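Input: a single structure, listed below in structure tokens.
These figures come from a predicted structure and were not determined experimentally.
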Amino acid sequence: MTLTISWQEASARRLERQFLATPATGAASVPAVVSSMLGAHAQVLSAAELSIGVRTTGATRTDVRAALWQDRTLVKTHGPRGTVHLLPTRDLPLWTSALPAIQSGASPFAPEARVTEEQAREIVAAIADALDGACLTIDELSEEVVARTGPWAGDLVMPAFQGMWPRWRQVIHRAGQSGALCFGPDRGRKVTYTRPPRFAPVPATEAVPGLLLRYLHAYGPSTSAYFAKWLAAPEGWTRRLFEEQAERGAIEEVAFEGTPAWVAAGDTEFPSQGWRGVRLLPYFDAYGIAAQPRESLFPGEAYGRALARGQAGNYPVLLVDGVVAGVWHQRRQGKRVVVTVEALGSLSARQEGALAEQVDRLGEVLEARPELVRGEVTVGPHA
């Protein structure tokens, strides 16, 4: 008989495995927390710091930065969907083999601007060579790449925010995903790039199934369509991957909210009750993006208020008892930060108390002192 899983059961297990139900302890847990999330979205680094901070007790943004720039137990690089993530250094052997193996869709660039597969490999190799033992700004890296490849790589053919970018930049995410590049510490106001610590990649034939199993551990039950959405991969490719792993007995089918879905083989233990609590999740938090079905995570009014045309991540969300129940934002005023929470319904006394605790935790992560004023939370410097 096929095991039947409810949303409440799946949500409770996901939250526990994400360290959202029971936070990890201390700064030493930061890499493990990021590993459990399958990466912390870091296009805005402060959002990544909060994502990690709300999953720990004791760790602050300083601890995240130390892991990133000093201890190098984290790297900032291009992860799932080609977007900037923090990834544990110890997980790079898997990520840098699995991500390049994902079948890509059609190029979004005009035919005259595109690079061939051979040129793309040449660019990635040039980036790796240029960044070996170096920390370069984007302009410095561009000069080095063109010098190692040819003038064609520097042709200004890519539409950018205020002009045109050189041709080689259309594959910079591939350099990150393959381990040739990661971000370095800022040089003043300029972003820099370097190479991550050396490692030996695992074979792609092991890494791709390994990534699927880790995804199902964190976000299962799930489907090939949801996995494709999370990776920005062709659904045909993910469907074949699921079929192959099912044939090998690596994954097994369950009924999830009345729909066929999959978990890792043998990973069928779920809590008997839903999770009860309150969390404040920042922009592009991994849980809000990956947990599916989205209609269950963003029920009722939350679907219209906390999503942008059905896409998650554009709004920090108030999570109450495992579902989105509002949004929040912060506004800096000098050394103070005003945090405003917009609940989409009334909160019980228990939930109000839990929200106050989350606000306190937010202040700890920001290394600030929170103050609650007429529904607005003011976070300022420690006395």
Side-chain angles (χ1 to χ4, degrees), residues 5-41 47-64 67 73-74 86-88 90-91 213-222 256 263-264 266-282 284-292 296-297 312 316-326 328 341 347-367 370:
I5 307 299
S6 70
W7 163 260
Q8 288 76 17
E9 292 168 335
S11 176
R13 191 173 85 164
R14 292 167 177 174
L15 290 164
E16 187 63 42
R17 290 183 173 183
Q18 286 271 306
F19 292 102
L20 283 169
T22 306
T25 303
S29 66
V30 166
V33 167
V34 178
S35 183
S36 75
M37 300 164 65
L38 297 188
H41 193 286
E49 293 167 352
L50 283 175
S51 279
I52 298 166
V54 299
R55 289 168 167 83
T56 66
T57 59
T60 69
R61 61 180 183 174
T62 294
D63 296 314
V64 176
T73 53
L74 295 179
L86 301 187
L87 299 175
R90 68 189 185 194
D91 290 349
L213 293 178
R214 291 191 57 180
Y215 165 82
L216 290 176
H217 178 85
Y219 299 109
S222 192
F256 179 39
V263 296
D267 190 20
T268 55
E269 292 293 326
F270 286 83
S272 59
Q273 296 181 336
W275 176 75
R276 310 283 284 178
V278 175
R279 294 292 182 265
L280 293 174
L281 305 184
F284 293 101
D285 186 83
Y287 183 78
I289 291 175
Q292 295 280 5
S296 297
L297 180 59
V317 297
L318 168 67
L319 202 67
V320 176
D321 296 345
V323 298
V324 173
W328 63 280
V341 177
L347 302 180
S348 67
R350 172 186 66 83
Q351 292 164 345
E352 291 284 1
L355 176 59
E357 292 176 358
Q358 280 292 287
V359 168
D360 287 342
R361 179 60 192 140
L362 181 67
E364 291 172 357
V365 175
L366 297 175
E367 299 171 318

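Minimum interatomic distance between D63 and G58 (heavy atoms only, all atoms of both residues): OD2-O, 3.8 Å. When all heavy atoms are compared, the tightest approach of V323 to S296 is CG1-O, 3.6 Å. For the residue pair G288 and A312, the shortest heavy atom distance occurs at O-CB, 3.4 Å. For the pair G39 and L87, the tightest heavy-atom approach, listed with the atom from each and the gap, is CA-CD2, 3.7 Å. Closest approach of V320 to V278, counting heavy atoms only: CG2-CG2, 4.3 Å. The minimum heavy-atom distance between G322 and S11, with the atom names listed, is O-OG, 3.6 Å.
Contact annotation: the side chain of T25 approaches that of T57 to within less than 4.5 Å [non-hydrogen atoms, C-beta and beyond]. For the pair F270 and V263, the minimum side-chain heavy-atom distance is below 4.5 Å. Side chains of T73 and V30 form no contact here, defined as non-hydrogen atoms less than 4.5 Å apart. V34 has its side chain out of reach of V64: every pair of non-hydrogen atoms, C-beta onward, lies at least 4.5 Å apart. Side-chain contact between E16 and T22: present, with at least one pair of heavy atoms (C-beta onward) separated by less than 4.5 Å. Side-chain contact between D321 and R350 is present, with heavy atoms from C-beta onward closer than 4.5 Å.
Of the residues listed (R17, R14, R13), the one engaging H217 in a side chain to side chain donor-acceptor pair (under 3.5 Å) is R17, and it is the only one. Checked against V54 for a side-chain contact (heavy atoms from CB on, under 4.5 Å), the options L362, L20, L280, V33 give a single hit: L20. Each of E49, E367, E364 was compared with R61 under the side chain to side chain donor-acceptor pair (under 3.5 Å) criterion, and only E367 meets it.
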Next item on the list: Assess whether side-chain contact (heavy atoms from CB on, under 4.5 Å) is satisfied between Q358 and R279, documenting all intermediate values.
Entry: CA-CA 6 Å; Q358 280 292 287; R279 294 292 182 265; 3.5 Å; yes
Checklist line | Residue pair V324, L281: steps toward the side-chain contact (heavy atoms from CB on, under 4.5 Å) verdict | finding: CA-CA 10 Å; V324 173; L281 305 184; over 6 Å; no
Margin query: Show, in sequence, the C-alpha distance, side-chain angles and deciding distance for L38 and D91, and conclude whether the side-chain contact (heavy atoms from CB on, under 4.5 Å) test is met.
Written below: CA-CA 9 Å; L38 297 188; D91 290 349; over 6 Å; no
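With T56 contributing its side chain and G53 its backbone, the two residues share a donor-acceptor pair below 3.5 Å. Checked by atom type and distance alone, the side chain of S6 pairs as donor or acceptor with a backbone atom of E9 at under 3.5 Å. Side-chain atoms of D285 never come within 3.5 Å of backbone atoms of P282 as a donor-acceptor pair (strictly under, hydrogens ignored). A donor-acceptor contact shorter than 3.5 Å is absent between the side chain of Y287 and the backbone of M37. For the pair Q18 (side chain) and S36 (backbone), a donor-acceptor distance under 3.5 Å is present. For R55 (side chain) and S51 (main-chain N/O), a donor-acceptor pair under 3.5 Å exists by modelled atom type.
One finds the CG atom of L318 at 6.5 Å from the CG atom of L355 (value rounded to the nearest 0.5 Å). Summarising the geometry, atom OH belonging to Y219 is positioned 8.5 Å from atom CD1 belonging to I289; distances are rounded to the nearest 0.5 Å.
Classification of the W7-F256 ring pair by plane angle, with boundaries at 30° and 60°, yields parallel.
Side chains of R214 and S35: a donor-acceptor N/O pair is present below 3.5 angstrom, by distance only.
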